[in-house]
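Below: the structure, in structure tokens.
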Amino acid sequence: MASTTGTSTDVPGIPHIHLLCMQERFSDAFEAARQKHTLSPSITRNITVHNHPLSKLPSTVRFDTIVSPANSYGRLDGAFDDAISHALAPTDDYYALTRAAQRRLYEQWRGFAPPGSCTLVHIPDDFHARSRNVWGARRVALCPTMRVPDDARWDREIVYECVWSLLCAVDNHNRAVRAAGGGDDDDDDDRDEIRSILMTPLGTGIGAITPERWASQAVLALKHFHDACANPDKWSAIGWTEAEYYADEVEKTWKEGRDEGKTGSVIDYLKSR
């Protein structure tokens, strides 16, 4: 994986990803999943792993969007969300970023973002001079892995859904920017492409999702999304055979080797009619 601090990306639809893993067991799990699921080298080259807490991440690392593995109500005051608020909110107003996030959630979701969704939140410009934001972050991507802090293991594919929604939100934003004639150097946040993001393992704290499940689902979401961008004809008219193939790949991440054969597939149902 890349070891640079740059923000360039040569993978259509996927930004440069800074993967922040405080513990090496998460970066090791990601590397194992990358190999197991044969993640494209073009994607791997655009992933930089950092084994630090956010507070120790050097200012030479640049990203314009940071991912919050938030709750559905946009409260940024616990676990990694607490670190985000300490870094990006004004030093004299810890809850300012939470208020900005909740205003955006109310605008888009009436205050409740379903787990597995992604909402882009602009960091107010007047925060920057009053915060510890040394990385150039301009947005928070709210990707709730749970309604409220709780065990998330019951939601077996939540990591895949969050990463897929994140990639879609970034891709949709960038396509809208290009359609409007904006670019990388535009001062208007809505006319500035998202070139790089920082994210952590999702749902692995209070959510209790294992490093292996998180890593495999994150890798598969990247792999499938890349395939979707590269093959629009297939993905815009996908059939049951292809759909079951992708679904089975994700399902294996939570079956964890158990022999739990399906009681009946969609294809079997259709053949029986």
Side-chain angles (χ1 to χ4, degrees), residues 1-2 7-17 19 30 33-47 64-65 67 108 113-120 139 141 143 155-184 190-197 199 202 213-255 261-262 264-273:
M1 281 174 279
T7 60
S8 62
T9 176
D10 58 6
V11 184
I14 299 179
H16 187 101
I17 297 173
L19 187 59
F30 190 86
R34 179 191 71 78
Q35 295 185 35
K36 177 180 179 180
H37 299 293
T38 60
L39 190 64
S40 167
S42 63
I43 301 175
T44 301
R45 285 193 298 269
N46 282 286
I47 299 174
D64 48 59
T65 300
V67 178
Q108 183 164 338
S117 64
C118 179
T119 308
L120 298 178
R139 301 174 197 82
C143 296
D155 202 348
R156 291 167 168 169
E157 298 178 5
I158 189 63
V159 173
Y160 181 92
E161 293 160 0
C162 280
V163 176
W164 185 277
S165 294
L166 169 66
L167 295 172
C168 285
V170 170
D171 187 40
N172 289 337
H173 172 88
N174 289 348
R175 286 191 290 164
V177 167
R178 291 192 291 270
D184 296 338
D190 289 334
R191 292 172 57 83
D192 178 28
E193 286 196 43
I194 297 172
R195 303 290 294 172
S196 58
I197 63 175
M199 66 183 297
L202 303 179
R213 185 191 294 187
W214 156 73
S216 287
Q217 291 194 13
V219 164
L220 285 173
L222 288 164
K223 179 181 178 179
H224 294 170
F225 190 83
H226 182 237
D227 186 52
C229 290
N231 298 283
D233 290 341
K234 177 176 72 173
W235 279 80
S236 62
I238 201 162
W240 282 121
T241 299
E242 295 89 352
E244 282 234 334
Y245 171 80
Y246 296 116
D248 285 347
E249 276 201 303
V250 181
E251 186 177 280
K252 288 175 184 176
T253 67
W254 53 263
K255 281 193 170 180
K262 289 187 175 180
S265 71
V266 174
I267 294 173
D268 292 337
Y269 168 71
L270 292 174
K271 287 180 177 178
S272 70
R273 296 182 66 185

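Quantities reported herein were computed from a predicted structural model and do not represent experimental measurements.
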Close side-chain approach of Cys143 to Cys118, heavy-atom, < 4.5 Å: yes
Straight-line distance of Glu244 CD to Ile238 CD1, nearest 0.5 Å: 11.0 Å
Taking every non-hydrogen atom, the tightest pair across Pro232 and Cys229: CD-O, 3.8 Å
Sidechain-backbone polar pair: His226 side chain, Gly13 backbone, donor-acceptor under 3.5 Å: no
Lys36: partners by salt bridge (Lys or Arg N to Asp or Glu O under 4.0 Å), with sequence neighbours left out: none
Contacts of Thr119 that satisfy side chain to side chain donor-acceptor pair (under 3.5 Å) - sequence neighbours left out: Trp109
Closest contact, heavy atoms only, Asp155 versus Pro115: OD2-CB, 4.5 Å
Smallest separation among heavy atoms of Ile14 and Ile43, with atom names: CD1-CD1, 4.1 Å
Evaluation steps, side-chain contact (heavy atoms from CB on, under 4.5 Å), between Asp227 and Lys234: CA-CA 9 Å; Asp227 186 52; Lys234 177 176 72 173; 2.9 Å; yes
Atom of Ala218, atom of Val159 and distance for their closest heavy-atom approach: N-CG1, 4.0 Å
Euclidean distance, Trp254 CH2 relative to Glu157 CD, rounded to 0.5 Å: 6.5 Å
Partner set under salt bridge (Lys or Arg N to Asp or Glu O under 4.0 Å) for Glu249, not counting sequence neighbours: Lys223
Point-to-point distance, once rounded to the nearest 0.5 Å, from CD1 of Ile17 to CG of Leu222: 4.5 Å
Residues which pass salt bridge (Lys or Arg N to Asp or Glu O under 4.0 Å) with Asp171, listed by chain and number, not counting sequence neighbours: Arg175
Thr65: side chain to side chain contact (heavy atoms under 4.5 Å, CB included) partners, not counting sequence neighbours: Arg139, Ala141, Ile194, Ile197
Mind listing the side-chain donor-acceptor pairs of residues 160-169 below 3.5 Å, one per line with the distance, residues two or more places apart or on another chain?
unit_1	atom_1	unit_2	atom_2	d
Tyr160	OH	His224	ND1	2.8
Ser165	OG	Gly116	O	2.6
Ser165	OG	Glu161	O	3.0

Straight-line distance of Leu19 CG to Ile47 CD1, nearest 0.5 Å: 7.0 Å
Nearest-0.5 Å distance, CD of residue Gln217 to NE2 of residue His37: 9.0 Å
Spacing of Lys255 atom NZ and Arg156 atom CZ [to the nearest 0.5 Å]: 9.0 Å
Step-by-step side-chain contact (heavy atoms from CB on, under 4.5 Å) determination, Leu220 to Thr253: CA-CA 9 Å; Leu220 285 173; Thr253 67; 3.7 Å; yes
